[in-house]
Structures are given as C-alpha cells and as structure tokens.
There are 2 protein chains.
Amino acid sequence: MKLHQVTIKDIAKILGISISTVSRALKSHPDISIETRNQVKELAKKLNYEPNALAMNLRRNKTNTLGVIIPEIVHHFFSSVISGIEDIAYDRGYNVMVCQSNELYDREVINAQALLANRVDGVLISVSKTTFEFDHFRHFANQGIPMVFFDRICPDVISDRVITNDEGGAFLATEHLISIGCKKIAHFSAPQNLMIGQGRLAGYQRALKQYQFEFDPSLVLQCDTRELAIEKTERFMNDNPDVDGVFAANDSTAIAAMQIIQKMGKNVPDNVSLVGFGDGPNALIAWPPLTTVEQKGYEMGAEAIKLLIHKIENDTPTDSYQTKVLTPSLIIRESTK
Amino acid sequence: MKLHQVTIKDIAKILGISISTVSRALKSHPDISIETRNQVKELAKKLNYEPNALAMNLRRNKTNTLGVIIPEIVHHFFSSVISGIEDIAYDRGYNVMVCQSNELYDREVINAQALLANRVDGVLISVSKTTFEFDHFRHFANQGIPMVFFDRICPDVISDRVITNDEGGAFLATEHLISIGCKKIAHFSAPQNLMIGQGRLAGYQRALKQYQFEFDPSLVLQCDTRELAIEKTERFMNDNPDVDGVFAANDSTAIAAMQIIQKMGKNVPDNVSLVGFGDGPNALIAWPPLTTVEQKGYEMGAEAIKLLIHKIENDTPTDSYQTKVLTPSLIIRESTK
DNA sequence: AACGGTTTCGCAATCGTTTGCGGTTTCGTT
DNA sequence: AACGAAACCGCAAACGATTGCGAAACCGTT
C-alpha cells in the first residue's frame, strides 16, 4: 500500500501560497521573492518532495526515457552493449528501459508496444533471430520516434545503424596468422545464413587471396559452438594434420578447439596457432590467453545511444540516416606466435 | 521531431462523440452500445491508437514499472539475475527499468532518485561495494514503495531479501578442500563490509573449526577481483609457500590465482587445489576446469521479483518481511583432487 | 492624491486518461 | 397518451506539474 507522495500542492497548502508560486520557487524563477523561494525549498527538502516525472512527462510530451530491445541479456557482448548504453544515458540524463526478446518474435512485438505506450523518446534495437516481419518497428517511425539498430540490424527498415565490420576483423585475424608464418590455415565458420557468418568467411578468403594463399574449401569447417568444436575438432585435425593455424568465428569455439588440440598432444602456439573472434573475458581466461578480434560491445552501445540522442535532441531531417561501422581490432595474445 | 500521437480525443472528434464514450468503448464498458463500441475500436486500430501510459499512470498512481539497481551488468551472475527478473516481469505485465551503479555510491543515489521520480511500483536492489550510507534506500520505504534486496543486501534496512547461503556454500567449498587432504587452506576474501564477504569467510571458518583446523588470519587475503589476484597472489604464495588449498570468494579471482600459481611452477591440482564461487561459464573454460560453488542467478532474479510483485499486489502488512535463501551446491571439477 | 513602474503572485488552461453522476433518448406498458 | 425503466451517452473533476497572462500590492515621483 503506497503512501501519499508529497506534491507541490501540499507545499502550497502548508505555506498558504499558490501552486504556481511553489512551482516557480522550486526552479528559482525571478518572479518569486527570495524569502518565498527559500521557504518553499526548505519545506520541500524537509518533506522529501520529489517531482512527479509522470506529470512532467505528460505535459512536456517527453519522457527522457529510452527503450532497448535486445535478444538476450546473458551474453557478454550484449551486456557490454547495455553497459555502454547505460553509461551514456546516465551522463546525458536519460533513463533506460531494457527489454529482452529472448529471440522470440512475439515477445519482441509486445516489447515494442510497451515502449510505445510508455512514450519513450527513442529506441535501440537488435533484432531477434526469429523476426522476419518488421511492422512493429515501423510503428515507431510512424509516431516519429527515432530508432537506432545495432549489431543485428533490420535490412528492411531504413534508420540509423551501428554495426561491426566482420569482414575486416576476419581479414585482420587471418592476416595475422599468415604473418606469423602459418602455412595452412583453417576457418571454423558460423552458419552462412547469418550476416556475421558470411562476413567472417569473406574476410578470411580476402586475406588468403591477398597473400597468394590458395583457398581450400575443405579447410572451412562449419563449427561455431563449444559443443560442436568438442565434437568435430579432433577428427578435423586428424584429417588435416598439417594445419598450423585456425581462425574460429568466435571465442568459445576457438577455446574449445584449443583444448582439444592440446589434448591431442600438440602445443599451442608452437604447433598450432589459434585466433578467435569476440573477445569476451573468456579469451583471457583460456590457457594460453587467446588472440582474438576484439568486438567492441561497450563502444557499440555508446555509439548507438549517442546517435539516438543526437536524433532526439536535434531536429535533423527525417530522411538522413547514418550507418556507423565499428572496426574491430586484433588483440594479440599467446595462442599465436 | 515527434509527430502527434493519436489520442482518444482525436477519435472522439472524428466520430462526433464524447471522450468518455471513447474511453468506455475501448474497454467494452456495458454502457456503450455495440455499434459505437465497434466504430471506436475500428477507428482506433486504423489510426494506430496506443493508449498513453503516462496519462494512465498519473491517474492510477501506478506505473506497472519496476526499478532495478545493480552494480554491474557485465557480469554473468548479474546479467543472469536480470534475465530472471525480465522474464517474470514480462509474464506478469510489468516493465523494468535497469540502472547500474557501477559500484559507485553517488551513482546509486542518483539512480534511486530517478526511480523515485518515475514513481516505480517497486524496486529490486543489489548494493554497490562503495555504499555505506543507506538513506537513499529508506526514501523508498518512506514513500511506501516496496523493496527487495538480493545478493548484496543491506543489513541496515529492513525489507524482503533474497540471498544465497554464502556461509553454507563456503563451508562446502572448504570442507571439500579438507576432505581431499589439503593441510593449509587460504581464503581469498571479498570485502568484509559486504554480507557476502562476511558469509563466505564465516563458512570457511566454520569448516576449519569443525575439522579441528586452526584459523590463521594471515591466510585470509582480501582479494576479490582478477586484477587484485594478479597483483597479490605471487607474493602471498611466496609468503605462505606451504598453502595447498585456496578457496576464493569468486571464480574470476580463483582462476586468476590459479594462472599465477601455475606460472610460479606449481601444479594445479597436485600442489595446490583451488575452489571458486559463482559458477559463471568461466569455470568451465579455465584449465583445469574449476571446482566451484554454483550460484543461481536466474532463480535469484525470479524469486526476487516474485516477492516484489506479491508485495505490490497484496496489501501485506508492512511489517512482515521474508528472507528467501537459495542454497548453492558444490560442483567438483579438476582444479581440486 | 494620482500616476506609472516594479515586484510578486494567482487563475486557469493544458497534457491524456478514467469515472461518478446526471442527463437525454428510446421503448414498452398501461 | 402518459409514465417509468432501460439503454446510452456527456460533463466535469481528478491525477501533478508548467506557464502565459492578468492582477494585486507596493514604491517613489510629481
């Protein structure tokens, strides 16, 4: 049972002055005498007065709240993104409502509706894997609410976007393996129906080509989870015993593969060098620490929300959209040499 | 530039009926004829009408929004908690505003104020490490806003709580080290101003006592982050060369310590056995896989929000508070033997 | 004493919605 | 034809805050 919260009306009644005077006094409006102002402020503090944001928001038609729709919070990458979002939001005086879709289309729709009903000033979205219909996002556009997509962008909805240059990152990883003298480099790839899968394979291929390595399709193994790596790595390494470099599409795959390879009696990095992609904290915890392509979740969140706030606070023409591409960088550790 | 959002007033004007009729028609109030009701509903759908939650909330004095204050989102444990919170909130029709304090007292205070201003219906809190003053939490109580503390609870504020049985978990961990034959067992502890720090130390001590080990304060090292472990472990192990068991207050500390110990030329688990606390995915990726006390983040979030919603929706007497204790279990892996 | 200019404050509308109460139809009954 | 009950709908206040405009009150000047 909620108690009555103090309002300016209460303060007005107690002090025997009008509501408007209290309102003005609280924000040091010059129309109000200093004595009155002080009286009001003192009483407000004494009563623990907190302005009712709901009322203000209703009047201003602005909530200072941003919505976020994200597939899964329990993911180092996504939680980093949220962290970046939160920090910038905090600095700029915005609140954040985080919704997770759990990769479910229906839930994403409901989340979007809730954010709409709550009149958020803008939304940040990373699309669920099961979403192929985008009308729930278009409603934001219809209402003039700015959107920024990040990471999992929505190709069918024009808007601002923040993405990672997967191809470039994969190129760096592969180039590094080449530069340290690897002669036969395998790629443990992500599914090719995902943009990230395509991009990372493409970067791998471009590096091979640029350094006159022949592309051998049999050196590409679709394998992008810890479980798959544990299942497939040994056989693959036996089939291709002279592989001395592996670029995996993500860190957990790389780490699992590394552990299997070590168990097979090979030394990492002396016999085989491995590079991952993602740079969660896992890369540091593995042994040896994993060379990996750093994916900047925090920066992505920060960039996305900056873009969004800019859109909200400046009346930019509605038809100008940017796409920000974050270039990942290679972090060289001890799994390659 | 935000467009005008459709309101019931617009619908009323177009249909030439009153606002109240529209309002009632939309919720199928029996006073309204079926034809009118249908007309209204159709037009509402056509215009993409979305009820303004702000206005409703202002009138109802209820927001259907819950606040969460958490130290850090980028933590497997905390993001699991949020995931649990989100899922239940979604099922029960609540929105969630997540704020991270980044372990900063000042920021925690501001977060609390923001939630207060937004008139959340209740709050879930896990206290920052740098918080020693709790008035900002008491404001919630003063306003009659239910609070539930979880994990990092606040001893000075009476309220509902959800915690893990840290003492019990620590006991299990220490007992395990004793049972496998460790003779000199150190504890890398969390700060003693945190209840979890106290609890884990207490469990360690109880196990020692129960098995007639002498408690040696110099074997307790305050060290609860990866960075601290990297900084302090070597010196500690040199000062105490015959330590053959370490119980660390969390996994990342245990893993970092394990890596340092390995670098010092000792074998894990042959020379030194280590146990962590927390069981994020890291414990599996470390080498050797870490024995650890399993902490149930998702369940904790779910339990906490259930308690909170119960408090919100039922007028339970304000003076009855529960504490829910989640019992952790020991997961034995290869860092101990 | 009357006037003009400050200073200081209050009225009332507004944001979008809900809801008690009262008012107008409509229709059936006698 | 007249009366009463249903059925249907609108007025207006309320939630808490902001703000343009108007209005007192006070001061000094002539």
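First the proteins, then the strands, lettered A, B, ... as listed; each starts at 1. These numbers were taken from a predicted model, which means no experiment stands behind them.
Taking atom CZ on A:R59 and atom P on C:dT14, their separation rounds to 10 Å, with Å as the unit. Following rounding to the nearest Å, B:I34 (CD1) and D:dA7 (P) show an atom-to-atom distance of 12 Å. Atom CD1 in B:I19 sits roughly 9 Å away from atom P in C:dT17 (whole-Å rounding). The distance from atom NE2 of B:H4 to atom P of C:dC15 is 9 Å, rounded to the nearest whole Å. Atom CG in B:N57 sits roughly 14 Å away from atom C1' in C:dC15 (whole-Å rounding). Atom-to-atom, CZ of A:R24 to C1' of D:dA17 comes out at 12 Å; the value is rounded to the nearest Å. Between the NE2 atom of B:H29 and the P atom of D:dC8 there is a distance of 12 Å, given to the nearest Å. A:E35 places its CD atom 8 Å from the P atom of C:dC9, with the value rounded to the nearest Å.
Distance from the side chain of A:M56 is smallest for D:dT18 among the nucleotides C:dC15, C:dG10, D:dT18.
Each of B:A55 and B:I17 was assigned the nucleotide of DNA chain D with the nearest heavy atom; the assignment lying further toward the 5' end belongs to B:I17. Between A:I8 and B:V22, the residue anchored nearer the 5' end of DNA chain D, judged by the nucleotide with its closest heavy atom, is B:V22.
Note: B:F149 and B:F137 meet the aromatic proximity criterion, with ring centroids under 6.0 Å apart.
Between A:T36 and the phosphate of C:dT8, there is no side-chain N or O to OP1/OP2 separation shorter than 4.0 Å. Side-chain nitrogen and oxygen atoms of B:K9 include none within less than 4.0 Å of the OP1 or OP2 phosphate oxygen of C:dT17. The shortest distance between the side-chain N/O atoms of B:S20 and the OP1/OP2 oxygens of C:dT17 is not below 4.0 Å. Side-chain N/O atoms of A:S18 include none lying less than 4.0 angstrom from OP1 or OP2 on C:dC11. The phosphate of C:dG16 has neither OP1 nor OP2 within less than 4.0 Å of any side-chain N or O from B:T7. Taking only side-chain nitrogens and oxygens, A:S23 comes nearer than 4.0 Å to OP1 or OP2 of D:dT18.
Between the side chains of A:N102 and B:D87, a donor-acceptor pair is found at a separation under 3.5 Å. For the 3.5 Å distance criterion, the side chains of B:K296 and B:S80 fail to qualify, holding no donor opposite an acceptor.
Residue side chain A:D31 reaches the base of C:dC9 through a donor-acceptor N/O pair under 3.5 Å, judged by distance alone.
Checked for salt-bridge contact, A:K129 and A:E108 miss the test: no charged N lies under 4.0 Å from a carboxylate O.
The structure places CD of A:Q100 at 12.0 Å from CD1 of A:I69, a figure rounded to the nearest 0.5 Å.
Within the nucleic acid shown, A:N52 comes within 4.0 Å of sugar-phosphate atoms alone, with no base atom in reach, counting heavy atoms only.
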